[in-house]
Each structure stands twice: as structure tokens, then as C-alpha cells.
Amino acid sequence: MGKVFVTRKVPDIGINILQDAGHEVVVSEKDGVLTREELINALKADSYDAVFCLLTDKIDGEVYDAAPSAKIWANYAVGFGNLDLDDAKERGITVTNTPGVLTDTVAEYAVALMLAVAKRIPEADRFTKELKYQGWAPELLLGADLKGKTLGIVGAGRIGSGVASRAYYGLGMKIIYYDVNPNKQLEKELRATFKANVDDIMKEADVISVHVPLLDSTKHLISRARLQMMKSTAFLINTSRGPVVDENALVELLRDGTVRAAGLDVFEEEPRLAHGLPELSNVVVTPHIASATEETRGKMSEMAATNIKEFLAGNKPPNPVT
Ligand code: DGY
């Protein structure tokens, strides 16, 4: 039977699946992300047949080589920008991810962030708890309505489509979207309008919600120039990956009011926030928790473990990305 290294404690369900299949499972004891050096040392300390890794682990050739027998690296995330896929391919390594199980959870979260920003809920919560509330007032903490407004989806895959559907049916928003390929189903079901470039989304949408994977081509897709194209009343939501948005530019433009407001669950240099971001009142920030529900984090653990279990049994894992 195989030996599996898990880079950080994850919900038990995945560990149980691997142990029930007869594998030995070693979970990092560190209460936090292993540094690159710690990860390499931990892998070299034994001989592993599989690695269960997290989006916070940056994996490249040197890290793969620390576990030469591990021919499967199962990422506990749908995103896999943390793993170098070329280095994996060169070594004959299979990388897997956890698609599908977090779609609804992240889509719900993006809508929650959208509402939190539009209705200024975190700001109102702080205001009230700081006992600043002196009584009802006609212009206290005015927010924005969403009904009839235009939602611009950048990246209309599973999660982007899930957000569009909730916004269309639940909030009565109009949908425009950009993707490398038109999504005919979205157009039919939600009367969504395809835009062939991101600029059109930036110029026309009242709310922009970003759902692209992090690739070389999507780094700073939401650039300073594109942020400057936004309507003065529009706001930006990002639950995808931090580096897709030029965060320093966003801070400047939020500060001078060019961008009205934003809701961010992801950051360019996690867990660090861009200089000046925490001081802004027109941004809602949360610590990369869009998929963090008990149900979904359990399903992600189950899925990552199943990928390893199937691979070690000589089968094709259900969710390969290489
Ligand atoms: C993912 O799976 O990529 C999410 O960002 C995890 O929260």
C-alpha cells in the first residue's frame, strides 16, 4: 500500500478514505503553511507515493524532486496556479484538482460579497457597534440597488455562470459576460450578452465579478487601465485569484474615488494585503474563504483523497489537470 503526505491538516473525511484504502497517511504537524524549505525537508524525510497539497503550497520542479516516488499531487482546490504543470509533465507527474464541489458555495459567496458592498453591510456593522448610531436618518450609509443593474461576469465557467444565474433569477440583474469562448447556455437561459473583450465589461457593467483561473494570460487582466474604464458608480468583486487584479492600482483608484467600491476575497500576495488597502472604507475584504463551508471543505477533502486513492489503485484519477 502507499504512503501519502498531507501538507496541512484537512477535514478528516479525506484522511479516512485513504486510510480505509490501506494507505499510510502522514499529515504535517505544523499549525500553518509549511515554508518551501520545511516542505522539501518533510518530503525528503521519507519516501512518499502521493502528496495531498494545498493552494498555499508553491510546487515546482525542486519540490517535486523532493518526493521522487510521488507521481500524483492532489491539490485541495479547484485552482491549480500554485503547481508548475510543465515541471509536473516533464516528470510524468499527474496533478489533480477539486472542480464542481465548490461551485455553488463560491457563487453564493460572490453574491454575498456583492450585496455586502452594495448595501455597505460591514461598514454599517462597524458603525453600529461603535455606538455611532444616533437614530434613523434619510441619508445614513446610502448604498446601491442591484435590481435592473448590469452584472459583468469576467470568466463564465462553472462559478461565473453560477453567480450570473443567482444574480439574474435572485436579484433581477442583467447579465453581460466575457470569456474566451461564448457560453450559449448562459445566453439562452439568462439572456446574457457576450462581450468579445474585457474592456466592454469594464465600461458597461455596474458590478464586475471576476471568475477566471490564474494563468500567465490572466495576471493583471484587471489592469489599472481597465479599472479606470469603470463607471464612477460601479464596483468590483474578486473571488478568483488575487493576481488577476492589479491590487496596488485598485487601492489608489479606490482611494481617489475612481473606483467606487470593491469586495475582495483574494489578494496578490496572500496573506499580505496591498499597502493602504486595510485603511479604505469602500472595500470589503475577507481571507480567501469563498469555499469555506463545512460541507464544501469536506467534499474537497473527499475529492482530493479519491483522486489519490484511484491513482494508487492503478486507475485514472477522476479530476486530472495534467
Ligand atoms: C479553490 O478551490 O481554488 C478556492 O480558491 C479554494 O478556496
Side-chain angles (χ1 to χ4, degrees), residues 6-14 28 32-34 51-59 72-85 88 94-114 116 153-163 166 179 209-222 236-245 247 262-273 284-308 317-322:
V6 183
T7 62
R8 189 170 183 176
K9 188 183 174 323
V10 291
D12 286 342
I13 182 164
S28 163
V33 182
L34 292 171
V51 181
F52 184 130
C53 55
L54 272 56
L55 62 88
T56 39
D57 302 317
K58 305 277 172 268
I59 318 283
I72 175 156
W73 290 63
N75 211 33
Y76 178 69
V78 65
F80 44 83
N82 57 306
L83 294 116
D84 189 314
L85 297 188
T94 298
V95 172
T96 61
N97 69 340
T98 61
V101 288
L102 46 73
T103 302
D104 290 328
T105 308
V106 176
E108 281 182 9
Y109 196 86
V111 173
L113 212 43
M114 206 188 286
I153 297 282
V154 179
R158 281 182 293 257
I159 297 173
S161 302
V163 175
R166 285 161 175 81
D179 201 294
S209 192
V210 183
H211 302 284
V212 292
L214 178 60
L215 307 167
D216 289 342
S217 57
T218 59
K219 177 153 187 333
H220 284 191
L221 181 72
I222 308 299
L236 177 80
I237 303 296
N238 188 13
T239 51
S240 63
R241 284 293 182 266
V244 174
V245 175
E247 193 175 313
L264 307 175
D265 184 51
V266 288
F267 307 93
E268 270 205 76
E269 303 280 347
E270 288 182 22
R272 207 171 59 72
L273 304 188
V284 177
V285 287
T286 57
H288 202 151
I289 53 163
S291 70
T293 61
E294 277 178 33
E295 298 95 319
T296 290
R297 288 288 164 90
K299 285 184 204 152
M300 288 164 67
S301 179
E302 185 179 357
M303 199 170 213
T306 304
N307 280 316
I308 292 177
N319 314 104
V321 294
T322 43

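Note that ligands are numbered from 1 as they come in the structure, with each ligand's atoms numbered from 1 the same way. Heavy atoms only: backbone and side chains are in, while hydrogens, waters and symmetry mates are out.
Checking each of Thr286, Thr239, Thr293 against Tyr109 for a side chain to side chain donor-acceptor pair (under 3.5 Å) leaves exactly one that passes, namely Thr286. Just one of Leu215, Val154, Val266, Val212 meets the side-chain contact (heavy atoms from CB on, under 4.5 Å) condition when paired with Val244; it is Val212.
Looking at Val106 against ligand 1, nothing comes within 4.0 Å, counting heavy atoms. Looking at Thr98 against ligand 1, nothing comes within 4.0 Å, counting heavy atoms.
Looking only at protein heavy atoms, the nearest one to atom 3 (O) of ligand 1 is Arg241 NH2, 2.6 Å. Val78 N, 2.7 Å is the protein heavy atom nearest to atom 2 (O) of ligand 1. Closest to atom 6 (C) of ligand 1, if we only count protein heavy atoms, is Ser291 OG, 3.4 Å.
Between Asn97 and Ala77, the shortest heavy-atom distance links the atoms CB-O, 3.2 Å. Of all the heavy atoms in Ser291 and Met300, the pair that sits closest is OG-SD, 4.0 Å. In terms of heavy atoms, Asn319 sits closest to Met303 at OD1-CG, 3.5 Å. Minimum heavy-atom separation, Ala110 to Ser209: CB-OG, 4.3 Å.
Ligand 1 has a nitrogen or oxygen under 3.5 angstrom from a nitrogen or oxygen of Gly79. Backbone and side-chain nitrogen or oxygen atoms of His288 are examined, and one is located within less than 3.5 angstrom of a nitrogen or oxygen of ligand 1.
Every atom of ligand 1 with a heavy atom of Ala77 under 4.0 Å away is listed here by number and element: 1 (C), 2 (O), 3 (O). Short contacts between ligand 1 and Arg297, defined as distances under 4.0 Å to a heavy atom of the residue, involve ligand atoms 7 (O).
You'll find the side chain of Ile159 reaches within 4.5 Å of the side chain of Leu102, heavy atoms only.
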